[in-house]
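Letters A, B, ... are given to chains in the order of the sequence lines, protein chains preceding strands, and every chain is numbered from 1.
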There are 2 protein chains.
Amino acid sequence: MDVSATEISAPTQAQPHNTNDCETVRAILARTGDKWSVLIVKMMGSGPQRFSALRRGITGISQRMLTLTLRNLERDGLVLRTVTPSTPPRVDYELTRLGHSLWIIMESFGQWAIAHRSEIETARARFDARNH
Amino acid sequence: MDVSATEISAPTQAQPHNTNDCETVRAILARTGDKWSVLIVKMMGSGPQRFSALRRGITGISQRMLTLTLRNLERDGLVLRTVTPSTPPRVDYELTRLGHSLWIIMESFGQWAIAHRSEIETARARFDARNH
DNA sequence: CGGCATCCAACTCGATACTG
DNA sequence: CAGTATCGAGTTGGATGCCG
């Protein structure tokens, strides 16, 4: 009998993972997981939206954070910004093709989250109860 | 002619969205998007891992953050913690069924991120160049 | 070995005020 | 209308030291 084995099931070796890939994944999850991106992207899922429409549609967002988040999404090529230099100025935002493909992934993530929400909440309640 | 129409394509109305659902999605994205969760979950994808194995396997993580992140994942029912009270103590972590199902979703997110990484990097470079 | 407590630097985000 | 600038509270995460 192999004495190097322990009484509990031996952990398997972790798969070698590409740290660079993980970093890429994390960066995207961090972007989409920040405070407002989900709401903004979701609102644009149905087509172009004016700045003011997004502002009204997303309860509680400050002008600053809406601008900032849209800039970041634009920088990553997920959102297209179109300025109409009228008076007053008009700016529309819409998902790019890339942004739309991300939106689809986010939807599947969303399905998972909704499907397992109660399971997570139960786990939390149990954990919190156990740790007085 | 309808004077309410503008010269650029009229934005469509945003779909009504369930804010509560969005909050759920955001919470999960925020958990998985924090600095270390992706790496940790990914390492556990291949089976149970000891605390020290995770620590060694994840370059740059502090003990504090490993403990903290594992606690949060455990609290959400994504990770199972098993203590063997030997000397020295031994603690193993593994994905629960729920955690594994999230891991699958994260993989599809990962596929997207890897497939579009260069596209995002190009967009960033262009954006940064444009804004001097 | 695994983990908690403390301290501190860096960043995030909201409030507010001002501009073309 | 859409955006920028500034300030301050709150949060995140790293370093360090101690404990069973």
Side-chain angles (χ1 to χ4, degrees), chain A residues 6-8 10-11 23 26-27 29-40 43-44 48-75 79-94 127 130-132, chain B residues 6-8 10-11 23 26-27 29-40 43-44 48-75 79-94 127 130-132:
Chain A
T6 56
E7 47 281 293
I8 61 173
E23 200 24 61
R26 201 193 72 75
L29 285 168
R31 158 108 339 283
T32 56
D34 70 9
K35 195 163 182 186
W36 298 110
S37 292
V38 179
L39 278 313
I40 293 177
M43 259 197 84
M44 287 187 301
Q49 302 291 333
R50 289 191 65 164
F51 185 89
S52 49
L54 291 167
R55 190 147 160 52
R56 276 192 310 274
I58 300 171
T59 317
I61 196 169
S62 64
Q63 195 177 40
R64 171 186 145 82
M65 286 316 295
L66 181 53
T67 303
L68 232 57
T69 309
L70 285 168
R71 275 303 167 282
N72 284 328
L73 292 169
E74 189 196 359
R75 177 167 185 262
V79 159
L80 179 66
R81 178 170 176 267
T82 310
V83 183
T84 310
S86 51
T87 45
R90 170 197 182 117
V91 183
D92 290 81
Y93 292 90
E94 64 190 300
F127 182 92
R130 215 180 333 159
N131 302 81
H132 61 103
Chain B
T6 57
E7 46 280 297
I8 63 173
E23 200 24 62
R26 202 193 70 75
L29 285 168
R31 157 111 337 284
T32 56
D34 69 6
K35 194 163 180 188
W36 300 108
S37 291
V38 180
L39 278 312
I40 293 177
M43 258 198 82
M44 287 189 300
Q49 300 292 331
R50 289 191 66 163
F51 185 88
S52 47
L54 291 167
R55 189 147 161 54
R56 276 193 308 274
I58 301 170
T59 317
I61 196 169
S62 64
Q63 194 178 41
R64 171 185 147 82
M65 287 316 295
L66 181 54
T67 303
L68 232 59
T69 308
L70 285 167
R71 276 303 165 283
N72 285 327
L73 293 169
E74 187 195 359
R75 178 168 184 260
V79 158
L80 178 67
R81 177 171 177 269
T82 310
V83 182
T84 309
S86 51
T87 42
R90 171 197 180 114
V91 183
D92 290 80
Y93 293 90
E94 63 191 300
F127 182 93
R130 215 182 329 158
N131 301 81
H132 60 101

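Applying the 4.0 Å criterion to OP1 and OP2 of D:dG3, one finds that A:R55 has every side-chain N and O outside that range.
For DNA chain C, the outermost nucleotides in 5' to 3' order that have an atom under 4.0 Å from a heavy atom of chain B are C:dC1 to C:dT6.
For the side chain to side chain contact (heavy atoms under 4.5 Å, CB included) test, residues two or more places apart in sequence or in another chain that qualify with B:R26 are A:K35, A:V38, B:E23, B:A30. For B:E94, the side chain to side chain contact (heavy atoms under 4.5 Å, CB included) partners are B:P48, B:L80, B:T82, not counting sequence neighbours. When the side chain to side chain contact (heavy atoms under 4.5 Å, CB included) test is applied to A:R31, the partners found at least two apart in sequence or on another chain are A:D34, A:S37, A:N72, A:L73, A:D76. In terms of the side chain to side chain contact (heavy atoms under 4.5 Å, CB included) criterion, residue partners of B:A53 (sequence neighbours excluded) are, by chain and number, B:Q49, B:R50, B:R56.
Taking for each of B:S52 and A:G60 the nucleotide of DNA chain C with the nearest heavy atom, the 5'-most of the two is the partner of B:S52. Residue whose closest nucleotide on DNA chain D sits further toward the 5' end, between A:Y93 and B:I61: A:Y93.
Within the 4.5 Å cutoff, no side-chain heavy atoms of B:F51 are placed close to those of B:D92. Counting only heavy atoms from C-beta outward, the side chains of A:T69 and A:R71 never approach each other to under 4.5 Å.
Consecutive pairing runs in DNA chain D reach the stem threshold at C:1-20 with D:1-20, where a stem means at least three Watson-Crick or G-U wobble pairs with distances under 3.5 Å.
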Q: Please lay out, stage by stage, how B:V79 and B:M44 fare under the test side chain to side chain contact (heavy atoms under 4.5 Å, CB included).
A: CA-CA 9 Å; B:V79 158; B:M44 287 189 300; 3.3 Å; yes
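Side-chain atoms of B:S86 come within 3.5 Å of backbone N or O of B:P88 as a donor-acceptor pair.
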Between the protein and nucleotides 18-20 of chain D, list every N/O to N/O distance that falls short of 3.5 Å.
none

Could you list the protein-to-nucleotides 10-13 of chain D atom pairs, N/O on both sides, closer than 3.5 Å?
unit_1, atom_1, unit_2, atom_2, d
D:dG13, N7, B:R64, NH2, 2.7

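The distance from atom CD of A:E74 to atom C1' of D:dA2 is 13 Å, rounded to the nearest whole Å.
The two residues A:F127 and A:N131 have their closest heavy-atom pair at O-OD1, 2.7 Å.
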Donor-acceptor pairs are to be reported for all side-chain atoms of residues 58-68 of chain A against protein atoms at under 3.5 Å, with residues two or more places apart or in another chain.
unit_1, atom_1, unit_2, atom_2, d
A:S62, OG, A:M65, N, 3.2
A:T67, OG1, A:Q63, O, 3.0

